[in-house]
Amino acid sequence: MKHGVARLLLVLVLGLAAAGCGTDNVAWLRHRSGLVLAEYRWAQREHAAQRRTTDRLLAACRECLAAGEAAAVCWGDLSAYHACLDAGGSDAECRTD
């Protein structure tokens, strides 16, 4: 009988410990998934901003070329923008507005 009670207590203690660890893991996973979701949303916003800026710079380049300017002059802003992005800058950091 003593062994049965000891085993039951051991199972209860281990079960409670596992439940506590499980709760911590669930909380950590929820927190981590929230961070991943926030990073994903930020990346989507950044990508959309880069597309808008690229579209604006391409339109300006087309106007510049249509006005008869040299291609090197017209492509300068767009190439500088993409060089800045390639160096790790964000859209806000790389725009020359």
Side-chain angles (χ1 to χ4, degrees):
M1 183 100 174
K2 281 186 173 183
H3 294 294
V5 172
R7 285 185 186 151
L8 179 62
L9 286 175
L10 180 61
V11 168
L12 286 174
V13 168
L14 291 176
L16 289 173
C21 292
T23 302
D24 288 344
N25 288 338
V26 168
W28 182 84
L29 286 173
R30 284 184 181 163
H31 170 72
R32 183 68 188 138
S33 66
L35 291 177
V36 169
L37 185 59
E39 290 170 1
Y40 175 73
R41 287 180 179 156
W42 176 86
Q44 282 183 318
R45 286 190 302 273
E46 178 65 20
H47 179 71
Q50 289 176 9
R51 294 275 317 239
R52 285 190 303 272
T53 301
T54 299
D55 290 345
R56 182 180 53 81
L57 290 171
L58 281 171
C61 186
R62 283 191 291 272
E63 289 175 13
C64 178
L65 290 171
E69 295 290 331
V73 172
C74 295
W75 290 103
D77 286 344
L78 183 63
S79 62
Y81 175 72
H82 281 284
C84 179
L85 291 177
D86 291 342
S90 69
D91 175 69
E93 296 168 339
C94 296
R95 272 184 306 197
T96 57
D97 293 336

Identify each donor-acceptor pair in which a side-chain atom of residues 78-89 lies under 3.5 Å from a protein atom, sequence neighbours left out, and give them as a table.
unit_1, atom_1, unit_2, atom_2, d
S79, OG, W75, O, 3.1
S79, OG, G76, O, 3.0
Y81, OH, D91, OD1, 2.5

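- The CG atom of L58 lies 11.0 Å from the OG1 atom of T53; values are rounded to the nearest 0.5 Å.
- By the rule that hydrophobic residues join a cluster once side-chain heavy atoms approach within less than 4.5 Å of another member, L57 and L65 end up as members of one cluster.
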side-chain contact (heavy atoms from CB on, under 4.5 Å), that's the test. Do R56 and R52 meet it? Break it down for me.
CA-CA 6 Å; R56 182 180 53 81; R52 285 190 303 272; over 6 Å; no
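- Nearest heavy atoms, C61 versus C74: SG-O, 3.4 Å.
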